[in-house]
Amino acid sequence: MATAVSPKVYRNFIDGKWVEARSGKTFENRNPANTDDVVGVFPAASREDVDAAVEAARHAFPSWRQVPAPKRAEILFRAAERLVQRKEELAREMTREMGKVVAETKGDVQEAIDMTYYMAGEGRRQFGQTTPSELQSKFAMTVREPVGVCALVTPWNFPMAIPAWKMMPALVLGNTLVIKPAEDTPLSASRLIEVLNEVGLPPGVVNMVVGYGEDAGEPLVRHKDVKVVSFTGSTTVGRKVNEICAGDLKHCHLEMGGKNIIIVMDDANLDLAIDGAVWGGFGTSGQRCTAASRIAVHKKVYKEFIGRLVERARELRIGDGLDPATEVGPVINRKQLDTIAKYVEIGKGEGARLTAGGKRLDSGPYAKGWFFEPTVFADCDPKMRICQEEIFGPVVSVMPIDNYESAIEAANGVVYGLSASIYTRDVNRAFRAMRELDTGIVYVNAPTIGAETHLPFGGIKQTGNGHREAAVAGLDVFSEWKTLYIDYSDRLQRAQIDTGGFGSVGE
Ligand code: UN1
């Protein structure tokens, strides 16, 4: 459907106002299910816009940090309430913007709601420690302090959830921020900002620049007044972000690639494992950092598993995510589609057996969108590139395994370490897997996706750099610990200096 009316024009958000890019440049945001449908026209920000946004955030910081945390939290709580009211509308708009089915975009908005309520709760917790001093009449405790201006660079696959994961802890701790959402999904981020603005966040506390990585993202990360960077995206870009942050010793949180596995043992509930593989592999068209793109199946159940998985993959209904019958929406854009097609060729070339899908759909109802068939490769070797590299699309590679040990070896034999899962009814084996899988998240009898906001989220190896988001752990990168000692003895007491006893009691 061609858009008859002119598309809506959106802006950057700087110092409490919606403003055009200083350069006047714009770009179009199109629906991946129908590229004739222009979702909106967005500003293409550059260094000047970034400078203005960071300046607004820097200016707002001294007074925002003085607002008592429970009061900051009240604003977040009101934002969560607004998101609840607008959930349906925001989800439908998100589907139009990035393609995943409405049930999943509702889940995305819900994840933003959950994180916002959770972090609102942190306004009245934000616990530090009190602990006895080693000296008499001396008190010792710790408090969290905000760090300053935070730069948040977010991806398109969770266009509201991931911005909320980063914004809400930053805000409740008293930081101010500039967010640069992915150029594929600026509308969902704009809506989140709109909601925060409506519920009374002071000007300058939250700012948004929309645009591309090189023009807007990089100057933002480099800006000397930015003290914290939180980035979710590819390992290639994340490594670069890390290097930039190292120069100025900025706090740097990175959440990058994954190559997550589901292990299916011979004692698994096979119905459950197949449901898990379909949801973990093809949910969100495989475009989750946590997607199950590898499945290791015990040889005793391998044949049956492959047969049933292929059947299910072929039955999945592909289409526009706004259609309630659709199970798998389009992928995000042309570039991603080409990457997926390239990996299918790589898989064939490596000798993996293509058993379902493998092709772009581009005729009939699919003619105007970026659709790819749910694809299953069988008989894969763990060392194949399709079993090693992140594809970020609806492609699942299945590997036969001889035993538990070889499954763990395959699982851990990749550079990434985000999420892993094992299907088994043997409790001892489940506990061994929880210990032996080298990932930040492990599931037992559930797929690799579906992390909850009150538990830490993040990965090891080349997935992360030692930080976590969500939960209490998510507060760490956005705060500094301050340690406070109060000596009320009225005399010089020297820590670690031997007084020849226990000191004089009764001061
Ligand atoms: C991501 O893909 O970057 O655990 C985040 C999950 C979701 C979050 C995924 N709650 O699958």
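All values below come from the heavy atoms of this structure, side chains included, with hydrogens, waters and symmetry mates left out. Counting convention: from 1, in listed order, for ligands and their atoms alike. A quick note: this is a predicted structure, and the numbers were derived from the prediction, not measured.
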Of all the non-hydrogen atoms in the protein, which one sits nearest to atom 1 (C) of ligand 1, and at what distance?
->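 The closest heavy atom on the protein side is C289 SG, 3.4 Å.
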Heavy-atom nearest neighbour in the protein, as seen from atom 4 (O) of ligand 1, with distance rounded to 0.1 Å =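 For atom 4 (O) of ligand 1, the nearest protein heavy atom is A451 N, 2.7 Å.
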Parallel, tilted or perpendicular: rings of H467 and H253 (30°, 60°) |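 Rings of H253 and H467: perpendicular, over 60°.
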Classify the angle between the aromatic ring planes of H454 and Y118 as parallel (below 30°), tilted (30 to 60°) or perpendicular (above 60°).
-> tilted
Taking distance alone, with no angle check, do [X] and ligand 1 share an N/O pair under 3.5 Å?
{"X": "T290", "value": "yes"}
{"X": "T232", "value": "no"}
{"X": "Q287", "value": "no"}
{"X": "F158", "value": "no"}
{"X": "G450", "value": "yes"}

With distance as the sole criterion, is a donor-acceptor pair present between the side chains of R82 and Q85 under 3.5 Å?
->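 The criterion, which ignores hydrogens and geometry beyond distance, is satisfied for Q85 and R82.
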Scan side-chain atoms only and decide if E469 and S230 contain a donor-acceptor pair under the 3.5 Å cut-off.
->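 No, S230 and E469 have no side-chain donor paired with an acceptor closer than 3.5 Å.
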Numbered atoms of ligand 1 (with element) below 4.0 Å of E111, judged on heavy atoms |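 Atoms satisfying the 4.0 Å criterion: 7 (C), 8 (C), 10 (N).
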Ligand-side contact atoms (ligand 1) for residue partner R288, heavy atom cut-off under 4.0 Å =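 In order of numbering, the contacting atoms are 2 (O), 6 (C), 7 (C), 11 (O).
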Is there a side-chain contact (heavy atoms from CB on, under 4.5 Å) between T448 and T439 once you walk through the steps?
-> CA-CA 11 Å; T448 52; T439 51; over 6 Å; no
Taking side chain as C-beta onward, heavy atoms only, is Y416 less than 4.5 Å from T235?
->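 They are in side-chain contact.
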Closest contact, heavy atoms only, P43 versus R11 =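 Of all heavy-atom pairs spanning P43 and R11, the closest is CG-C, 3.6 Å.
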Measure the distances from the heavy atoms of I162 to every atom of ligand 1 and state whether one is below 4.0 angstrom.
->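 Distance cut 4.0 Å: I162 passes for ligand 1.
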Can a non-hydrogen atom of F392 be found less than 4.0 Å from any atom of ligand 1?
->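 In this structure, F392 fails to qualify as a contact of ligand 1 - no heavy atom is under 4.0 Å.
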